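Some notes on the structure that comes next.
Just so it is clear, the model here is predicted, and its values are computed rather than measured. In this chain, residues are counted from 1 in sequence order.
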Amino acid sequence: MTGTEAAQDNSPATRPGLARSLFRVALPRWRGGQYSLSKLFFNFYFLAMGSFIAIAFTADFIITTAQQGLTDDYSRRFMRGTITLIEDELHRHSRRQWEEQIKSIDSKFAYRLGMVERRSLDIRLTSAQIDKLDAGDIAISHDRDFMYYRLGTSSKVLVIGPLSASRKPENQDGLPLDLRLRLWTWGLIGIIFAIALWFWVRPVWRDLEALRQTARLLGDGKFEAPAPQVRTQLLEPLAETLHSMNERVLQLLATHRELSCGISHELRTPIARMRFALEMLPETPELEERRRLWAMMEADLDELDQLIDTSLTYARFEREIPEAHFSSVRFAQWLGDEVEAIRLLGRQLEIRVDTHALPENLHVDLDKKAMPYALRNLLRNAFKYAQNSICVSAELVEEHICIHVDDDGIGIPEEEREHVFSAFSRLDRSRDRATGGYGLGLAIARRVLELHGGSASAAAAPLGGARISLCWRAHQ
């Protein structure tokens, strides 16, 4: 750029842009990827201090305006005696000597005394003040620093003032006293407020920075980031919410990985059987064998459909906790009806329902949509492993209702009893087609019980097999 161009760029048209650039540079900015502590401090300081000063001046103006009449009346009554004495002293002399007498009396007062012609005040006083003056009353100037009093019926007006010490000529070297007092007062208030605000803003800024760093790590996919250490109560709920969100995201990611791995593993077996059946069909001339292969493929399709339905149900419980809608039911009748609805799937198994331990006409609160799903999963699980019989019993333990589903199957080893409630977990000896399943039924049952504020557990059954129990508060 040449010197001529530089001179042209300094035209008035470019000055606003330059001013805006300087203003942006002067303000504290975002530095090093962090919140600027000085910017946060000055934003709060100027906003709070400016609001406080505006409120103080507004309140002072309103109070002064409201008390103006009372203040003027008090000043008149306070000065009337002094003015009367001055007037009496002047009337002892001729009017030609009033000027000299005023100068003589003026030296005895801390404020100035003077005398002017009545007509000279028409431009200095308002009409209301002129009316007071002509009526023989004391007129007070708008700034309340001068008083005017007409001396009898003459054209002379006694002027008293300035009353404020700061308005006297000998005190005009510096700022007025009242202004100096205001500056000192507001300066001291500003310093004290700045110190107090600093000790409040700095911890808030430190916690904001910790929250921002955690949010940035989460945004970069680092969900193992530690929870931010927040010390101020103001931001503690936000930190707890951020931590809960992080845990929820980790849980959803784990569920996604679990479902992806589990479903991909479970899909292999039915797909492999279907591929084998399809390869065998062209080479099988016998009609009976072809029908058997077709039936096997239909069973595999049903298995795939059930796997998808069960996986979606589990994913829905993991993705979001549905809201429970509790209803009060006659529990013994409800339990019997639910068992009867699924009894046909038990083939030749003996299925008993035992509710004799329950109080008569016991009513229990449950979600009529979710709880049947959990109970049916327990019964389907028992159908797979039971040899001859299944017993469904219920009991009231203190304020909790418990459902026990017992079978006479192979049972669950003690070290595996907690593990069976995890998704896609199955005992090794059950991995054949007859009893294998997908390992999702008991996981869904536990989620349903968590929805009810209860628990699901496994133990040894009196029949020799496994006992799966569901327990929750009878009255929500």
Side-chain angles (χ1 to χ4, degrees), residues 254-319 338-351 372-390 405 407-413 416 419-445 447-448 465-466 468:
T255 301
H256 175 73
R257 288 193 297 267
E258 191 177 37
L259 282 175
S260 299
C261 296
I263 292 177
S264 61
H265 179 75
E266 296 294 339
L267 286 174
R268 293 177 182 175
T269 301
I271 290 177
R273 287 197 297 259
M274 290 178 65
R275 181 179 290 110
F276 173 76
L278 287 173
E279 291 175 354
M280 292 293 295
L281 274 175
E283 302 175 3
T284 305
E286 299 178 4
L287 180 60
E288 192 66 28
E289 181 63 18
R290 294 174 66 89
R291 288 177 178 175
R292 189 184 70 81
L293 293 175
W294 279 114
M296 186 173 68
M297 286 191 292
E298 289 180 359
D300 289 329
L301 288 174
D302 291 338
E303 185 176 346
L304 289 174
D305 184 65
Q306 186 179 359
L307 171 62
I308 294 173
D309 180 66
T310 307
S311 300
L312 290 177
T313 302
Y314 177 76
R316 179 172 61 87
F317 275 100
E318 287 294 313
R319 182 178 64 253
E338 292 298 328
V339 174
E340 287 298 324
I342 200 173
R343 185 183 291 272
L344 290 176
L345 299 181
R347 303 180 304 279
Q348 305 298 324
L349 295 174
E350 177 188 358
I351 303 174
Y373 199 91
L375 179 59
R376 291 168 189 170
N377 279 334
L378 262 62
L379 289 172
R380 289 192 185 99
N381 185 76
F383 292 161
K384 296 174 185 176
Y385 299 106
Q387 301 294 329
N388 298 302
S389 63
I390 295 174
V405 178
D407 63 63
D408 58 353
I410 58 178
I412 303 174
E416 298 283 348
H419 184 62
V420 295
F421 291 99
S422 301
F424 297 105
S425 63
R426 298 176 301 186
L427 302 180
D428 291 340
R429 48 185 164 168
S430 66
R431 296 186 66 86
D432 55 36
R433 183 171 183 178
T435 61
Y438 317 109
L440 287 175
L442 296 183
I444 294 175
R447 296 296 181 271
V448 172
I468 308 297

Answer yes or no: is there a side-chain heavy-atom contact under 4.5 Å between F421 and I468?
-> yes

How about L345 and R380: do any of their side-chain heavy atoms sit closer than 4.5 Å?
-> yes

Do L281 and W294 have side-chain heavy atoms sitting under 4.5 Å apart?
-> yes

Go through the structure and list residues passing salt bridge (charged side-chain N to carboxylate O under 4.0 Å, His left out) with E279, not counting sequence neighbours.
-> none

Nearest-0.5 Å distance, CD of residue Q348 to CG of residue N388 | 11.0 Å

For F383 and I351, run side-chain contact (heavy atoms from CB on, under 4.5 Å): C-alpha distance rounded to whole Å, both residues' side-chain angles, the deciding distance at 0.1 Å, then the answer.
-> CA-CA 10 Å; F383 292 161; I351 303 174; 3.5 Å; yes

Give a yes or no answer on whether the side chain of N377 reaches the backbone of A445 with a donor-acceptor pair at less than 3.5 Å.
-> no

With sequence neighbours left out, what residues match A382 under side chain to side chain contact (heavy atoms under 4.5 Å, CB included)?
-> I390, V405, D407

Hits for side chain to side chain contact (heavy atoms under 4.5 Å, CB included) against T284, two or more places apart or cross-chain, chain-then-number order -> M280, E289, R290, L293

Is there side-chain contact between I342 and L375, with at least one heavy-atom pair below 4.5 Å?
-> no

Could you give the distance from CD1 (I271) to CZ (R275), rounded to the nearest 0.5 Å?
-> 7.0 Å

Mind listing the closest non-hydrogen atom pair of G409 and Q387 along with its distance?
-> CA-CG, 4.2 Å

Quick one: pull up CG in D408 and CD in E350 and give me the separation to the nearest 0.5 Å.
-> 9.0 Å

Would you say M274 and L301 make side-chain contact, with heavy atoms under 4.5 Å?
-> yes

